[in-house]
Each structure stands twice: as C-alpha cells, then as structure tokens.
Amino acid sequence: MAEPDRKETRVTTMTQTAVGPRPAIRPRIAARAGLFTFIGANVAAVTALFFAAGPSDNVLISIGRLAGLYGALAMAFQLLLVARLPWLDRRLGMDRLTVWHRWTGFSLLWTLLTHFVFIVFGYAQVEDNGVVDEFVTMVTKLEGILRAVVALALILLVGAVSARFARRRLAYETWHFLHLYTYAAVVLAFSHQIALGGSFASSPGAQAYWWAVWVVALGSVFAGRVVLPLARNLRHQLKVVAVVPESHDVVSVYMTGKHLDRMPARAGQFFLWRFLTRDRWWQANPFSLSAAPDGRTLRLTAKAAGDGSASLRSLKVGTRVFAEGPYGAFTTMHQRKPDALLIAGGVGITPIRALLEEISGHVVVLYRVRTALDAVLLPELRGLAQARGAVVHVLSGPSDLAGPYGPVLGAHSLRRMVPDIEDRDVFVCGPPGMTSATLRSLRELRVPNQQVHAERFSLAA
Ligand SMILES: Cc1cc2nc3c(=O)[nH]c(=O)nc-3n(C[C@H](O)[C@H](O)[C@H](O)COP(=O)(O)OP(=O)(O)OC[C@H]3O[C@@H](n4cnc5c(N)ncnc54)[C@H](O)[C@@H]3O)c2cc1C
C-alpha cells in the first residue's frame, strides 16, 4: 500500500508561517567546528609540550611517551563527550555524542596499548633486558606503573563489554555499571602521569596545562551529570499526576512540578526518567516528551519494551520523579526550511506529536503503524493537524508493506505523498530498521543532509 489510507487521512487548508530568523552559522556546524578546533588546539599543545620537554634518544620510548600523552588527552575528551553539557547536547544530540564517545573509546584503547608496548620494548632495549623481565621490573620497582597497568586493564574490560557482540548480550544496567569503571581508570591514569613526571613535570606551564585539562574534563562531568540534574530536580520537584493507558501496551504518564515554565525543554527532546518507587528507583529510562512543554505539565508516552517500561502502567499518582535532561537535538532549533515533513513509526510518534505543536510552516505527518490499533495519540494528532492546517497520513500494514510505487516509505511513495519533499525539513523517528530505510529513501530523493533529522530511540548503537 503506497497510497495513504484515505479513511485515516485529513487534508486541510495549508498555512504558511515563516520560521524565525535563523543564525548565520548552523548550530550543529558551530558546535562541531568548536569541538574540533578545541581538540586540534589541544593536540597541538600536547605535541608542543612533548617536544619542549625533549624526546628520549630511544625512538620506541619517544613514540610510547607521545602515545601516552595523546591517550591522556583522548581520555579527557571522552569525559567531555559524555558530560551532557546542555550547550553541546542541544546542538549535536546525545546519540551523536555517544557515537563519537564510542569511537574515541576504541582509539583510546589502541593509543594506550601503543603506549604500553612501545614503552616496555623501548626500556627493554635501553636496559638490554628481556621484555618480560623489563615489564616485571617496571611494575615492581617504579612508582605509578602498577596503577597504569590496572587502568589499562579496566579500559580493556570496558572496551570488551562495549564491543557490539558483548553489548547486545548485556542488560543495559550491567553494561552501564561496568562502564563506570572508566572513572577509576581515569583517576589511576592521572596519578600515573603525576608520579612519572615526564612531559607533565617538565615545566610549570606543562603542569598547569595538564591540571587544566583534567579539571575541565572531570568538572564538566560533575557539572553536567551531578550538579545540573540535582539542581533541576530540587527546583522542579516533579511528581506523577496521571497515568493514562493509550493502548494495551502503551501508556502516557503526566507529571507536574514547580516552576515548569522555567524548565528549558523543547518539543522533540527527551529525559532520562527515574520513578522513585521502592522497586524501580535504581532504573532510569529515556523517553521523549510526547507533548510540547506548556509550563505546567510534562508528558511521556511509553510502549512496554521490557520490565521497566511495562511497570509504568502501575505507577501511582503522587510518585516522585527524578528526571535528567532535557536532552537531544531533535528540535526545531535545526530547522532550515519553512515547511516540514514529520515521519513516525510506531511509538516513534511521541517526539513527532510534540514537534507538530511547535514546528512552524506547513507540516505533513506520515504515521507508519502495523495496524490501526497501534496508532496511539491519533485523535490528538488529528486535532492538532486540524487546528494548524497540517496533513496527517496514517500508513498501516505489515513491515514489508508495498504498493504501486514500491515500499510505503520508499523514495517513489514519499515523492507521491509529498511532492515538494526536498523543500522541507524532514524529522524521522521510529524503530532503527524503519528509520534507516527512510533515511536511505531521503538520500535517494536528494533531500539535503542538513534538512534531515532523525531520532533512533537508541543511544548505545
Ligand atoms: C532518546 C530516546 C528516546 C526514547 N523515547 C521513547 C518514547 O518516547 N517512548 C517509548 O516507548 N520508548 C522510547 N525510547 C525507548 C525506551 O527508552 C526503551 O524502550 C526503554 O528504555 C526500555 O526499557 P525497559 O526497562 O522497559 O526494557 P529493557 O529490557 O530493560 O531495555 C531494553 C533496551 O532499552 C534500552 N535502554 C534501557 N534503558 C536505557 C537507558 N537508560 N538509556 C539508553 N537505552 C536504554 C537498551 O537498549 C535496552 O537494551 C526512547 C529511547 C531513546 C534512546
């Protein structure tokens, strides 16, 4: 079925509202450029400090030392990427930052292994010693080496559990708990750096530089992951005011709190929600806002995917909520064109429904579901569409649904339903398979990259 289900379709008069003035530099480009300049400047500084300290006569030792310094820098950068700093998160999105964190993590692993191997082989050469003997001597006689070896072992462990095959087999919480060992590795690695001196102790400037690197990295994590969430929750004091079933496996949770008009949340963003019940307080799950924040209430709508999401149905009114966020770049901040196409798959309707409230210009919504019963929030979607002159197409059928123009979210079908698609921003949210297939169709249709925005409901992919 490539044509939309006409019974489920509402077509009303189009309105044209211009989006507000756009910044000269796109927010995502500005953040990316800022971050890369920051890294480039630090790589240059570390290299300069290394040469200022005077490399060793032994090439292996020199390479090992330089790799160690780059490894320390990569570790600090890793922390910055997961610090959840609002400025970066709103511009780049937690999903993108998490992917960069993942790749930096693997580079870090190789850099530190290089450091370890070159240093041991280098000193074995200088001391005219066997490699194993040299390693044992270093660990037992030199201060700070054992700490470095433990740090490396912890990073290897975290790297192993983060590899795709292991990650898929571990519960999110187990993987996350093991991941926290990285902080112990950071502290051990830093104390190794202080104990051994080298480039670190070569000059007061080098010392000041490295202290600044670690203070900024650890300070960012502390600010973004501890201070800010605590301060926001103390201020807003969220609690559940209603739990409304939307279908047999989807439920909406309404929350209220103090000063919600001052919470900097936008349609399309999500929070990590922790409901403070006796049996679930330890579990935080990401859910998008399913309505644009109105300054009085927040709402999430969740499908039962596992025990945590299924338990939301039995939440009691009055339950206290600890919410970390708002997070995510799936917002109108990145809108480039006056008009938009919103594509939702299943429960991916949640941020799309919220965006429909906030987005300016003419909007077409494509809502892909398996059966009409799965189309949760449809009545309010239609109400909103009618109020603001948007078009909603519900596309229902099995996942391999195709019609005269090919797959229902294939390039030809999209072009038929939205002839001016390349002149719109396209926001896509749905299961990973549907999202990837839709993004392929958009590439085929040559919709410019900067107009395509996706939320995959997965941070660890
Ligand atoms: C940015 C984002 C927004 C989302 N918005 C919605 C929404 O609006 N409505 C909805 O129904 N679903 C949403 N999800 C999916 C939802 O988070 C998962 O279905 C839910 O967390 C499953 O948890 P569980 O305990 O029920 O199941 P489990 O079996 O414990 O978890 C299933 C899988 O969910 C993922 N998950 C669980 N906890 C977390 C976490 N803290 N961080 C990242 N991933 C986690 C993991 O991949 C895990 O393997 C969203 C996901 C993300 C990443």
Side-chain angles (χ1 to χ4, degrees), residues 82 84 89-90 92-99 101-102 161-162 164-180 225 229 243-255 265-275 277 279-293 298-315 322-331 342 344-355 367 369 374-377 381 427-432 434-435 453-461:
V82 289
R84 299 184 184 158
D89 186 86
R90 258 183 254 132
L92 294 168
M94 199 192 279
D95 47 355
R96 185 176 270 110
L97 289 168
T98 309
V99 169
H101 171 79
R102 189 180 160 79
V161 298
S162 300
R164 256 177 236 284
F165 67 92
R167 175 69 190 84
R168 272 195 226 111
R169 283 164 180 77
L170 287 176
Y172 175 81
E173 283 74 22
T174 314
W175 169 80
H176 192 244
F177 180 74
L178 289 172
H179 219 82
L180 295 182
R225 296 188 81 147
V243 179
V244 179
E246 303 285 356
S247 75
H248 72 284
D249 62 352
V250 178
V251 71
S252 285
V253 180
Y254 291 75
M255 285 150 285
R266 295 181 72 151
Q269 288 194 299
F270 69 94
F271 287 79
L272 294 172
W273 305 94
R274 195 182 292 273
F275 294 94
T277 59
D279 54 342
R280 287 273 161 204
W281 62 268
W282 49 270
Q283 190 179 23
N285 293 85
F287 293 109
S288 306
L289 293 171
S290 60
L298 297 175
R299 184 183 75 173
L300 66 86
T301 301
K303 181 173 172 144
D307 292 347
S309 42
S311 70
L312 296 181
R313 198 168 273 261
S314 50
L315 274 177
F322 190 91
E324 290 165 63
Y327 299 126
F330 194 62
T331 65
L342 309 181
V347 80
I349 193 64
T350 52
I352 295 288
R353 148 72 182 79
L355 278 171
Y367 188 6
V369 282
D374 295 320
V376 293
L377 307 180
L381 202 66
F427 290 81
V428 188
C429 182
M434 185 216 93
T435 306
H453 320 277
E455 181 69 271
R456 284 174 195 272
F457 278 5
S458 136
L459 299 176

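Counting convention: from 1, in listed order, for ligands and their atoms alike. Throughout, residue positions are numbered sequentially from 1 according to the sequence presented.
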Consider ligand 1: state whether an atom of it lies below 4.0 angstrom from any non-hydrogen atom of V347. yes
Q. How about F330 and H453: are their ring centroids closer than 6.0 Å?
A. no
Under 3.5 Å, is there a donor-acceptor pair linking the side chains of R266 and Q269?
-> no
- Query: Should the pair W273 and F271 be assigned to parallel (<30°), tilted (30 to 60°) or perpendicular (>60°) ring geometry?
  - Reply: tilted
Can any side-chain N or O of Y327 pair as donor or acceptor with the backbone N or O of D95 at less than 3.5 Å? no
Logged contact type for T301 with ligand 1, heavy-atom cut-off 4.0 Å, is backbone
Carboxylate-amine/guanidinium proximity below 4.0 Å for E324 and R274
yes
The option among L170, N285, T98 carrying the non-hydrogen atom nearest to atom 22 (C) of ligand 1 is N285
Looking at L312, is its backbone amide N or carbonyl O close enough to the side chain of R280 to form a donor-acceptor pair, meaning the two atoms are under 3.5 Å apart? no
If only atom types and distance count, is the side chain of R225 paired as donor or acceptor with the main-chain N or O of V82 below 3.5 Å? yes
In terms of its nearest heavy atom to atom 43 (C) of ligand 1, the top option of P286, P431, S288, P351 is P286
Per-atom filter on ligand 1: closer than 4.0 angstrom to a heavy atom of S309 are 24 (P), 25 (O), 26 (O)
Here the atoms of ligand 1 under 4.0 Å from any heavy atom belonging to T350 are 7 (C), 8 (O)
Near Q283 (heavy-atom distance under 4.0 Å), the atoms of ligand 1 are 25 (O), 30 (O)
Quick note on ligand 1: atoms under 4.0 Å from a heavy atom of F270 include exactly 1 (C)
Distance col, row R167:CZ vs R102:CZ, nearest 0.5 angstrom, shows 8.5 Å
Requested in this report: Give yes if a backbone or side-chain nitrogen or oxygen of G308 is under 3.5 Å from a nitrogen or oxygen of ligand 1, and no if not.
Outcome: yes
State if R456 counts as touching ligand 1 under the rule of any non-hydrogen atom under 4.0 Å. no
Near A284 (heavy-atom distance under 4.0 Å), the atoms of ligand 1 are 40 (C), 41 (N)
The atoms of ligand 1 lying under 4.0 Å from a heavy atom of K303, numbered in the order shown, are 10 (C), 11 (O)
